Amino acid sequence: MKIAIGNDHAGIKLKPTLIEYLEKNGYEYKDFGSYTTDSCNYAEFGAKVAEAVASGEFDRGILICGTGIGMSIVANKVPGIRCAHCHDTFSARATRQHNDSNVIAFGERVIAAELMIDIVELFLTTEFEGGRHVARLETIREIEKKYSK
Ligand code: RB5
């Protein structure tokens, strides 16, 4: 499984913990930045990760900003992305099982590193349940198409 990761200046402190987890567990990943603590625009980095996942080059995306909110908003603008803004393990499991979410967004100012890793593990290992959820995802795709130019 190939993972795209990205952050802004407010999400950079959690990144080493995330990278350590991915490397320890043998995941292939690419870090789309940002790479410094200089103030930057979360939308640029969120879009890079979302586009990398939507293109099919990467299987999942993990985003970190101050709250996780800006990153999730921008990621969900990219057709094909289902980004979960998620800070608890119940939602992490459920969003994979029910929403087949392909990107997750965290807020470094909200969550501890240990909990983020528990959530990442669920996000990367929980299967989509399919069944009744398939038609719901199809409705989301139709809505995306309706508003695409
Ligand atoms: C940066 O200060 C902050 O606005 C950003 O990281 C994020 O939380 C936006 O939603």
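Read the numbers this way: they start at 1 and go in the same order the structure lists the ligands and their atoms. Please read all numbers here as calculations on a predicted model, not as lab measurements. Numbers here simply count residues along the sequence, with the first being 1.
- Of the protein's non-hydrogen atoms, His9 NE2, 3.7 Å is the one closest to atom 1 (C) of ligand 1.
- Looking only at heavy atoms of the protein, atom 6 (O) of ligand 1 is closest to Asp8 OD2, 2.6 Å.
- Shortest contact from atom 10 (O) of ligand 1 to any protein heavy atom: Gly70 N, 2.9 Å.
- Considering each of Ala10, Cys40, Cys65, the one bringing a non-hydrogen atom nearest atom 7 (C) of ligand 1 is Cys65.
- The protein non-hydrogen atom at the shortest distance from atom 2 (O) of ligand 1 is Arg109 NH1, 3.4 Å.
- Note: Leu14 CG to Asn7 CG = 9.5 Å, rounded to the nearest 0.5 Å.
- The ligand atoms of ligand 1 that sit less than 4.0 angstrom from a heavy atom of Gly66 are 5 (C), 6 (O), 7 (C), 8 (O).
- Note: Ser39 OG to His9 NE2 = 4.0 Å, rounded to the nearest 0.5 Å.
- Classification of Glu144 and Arg141 as a salt-bridged pair fails, no side-chain N sitting under 4.0 Å from a carboxylate O.
- For the pair Lys48 and Phe32, the cation-pi test (distance below 6.0 Å, angle within 45°) is failed.
- For atom 4 (O) of ligand 1, no protein heavy-atom neighbour is present inside the 4.0 Å cut-off.
- In this structure, Ile104 is not a member of the same hydrophobic cluster as Leu122, with clusters built from ILVMFWY side-chain heavy atoms closer than 4.5 Å.
- Judged by the 6.0 Å distance and 45° axis criteria, Arg96 is not positioned over the aromatic ring of Phe128.
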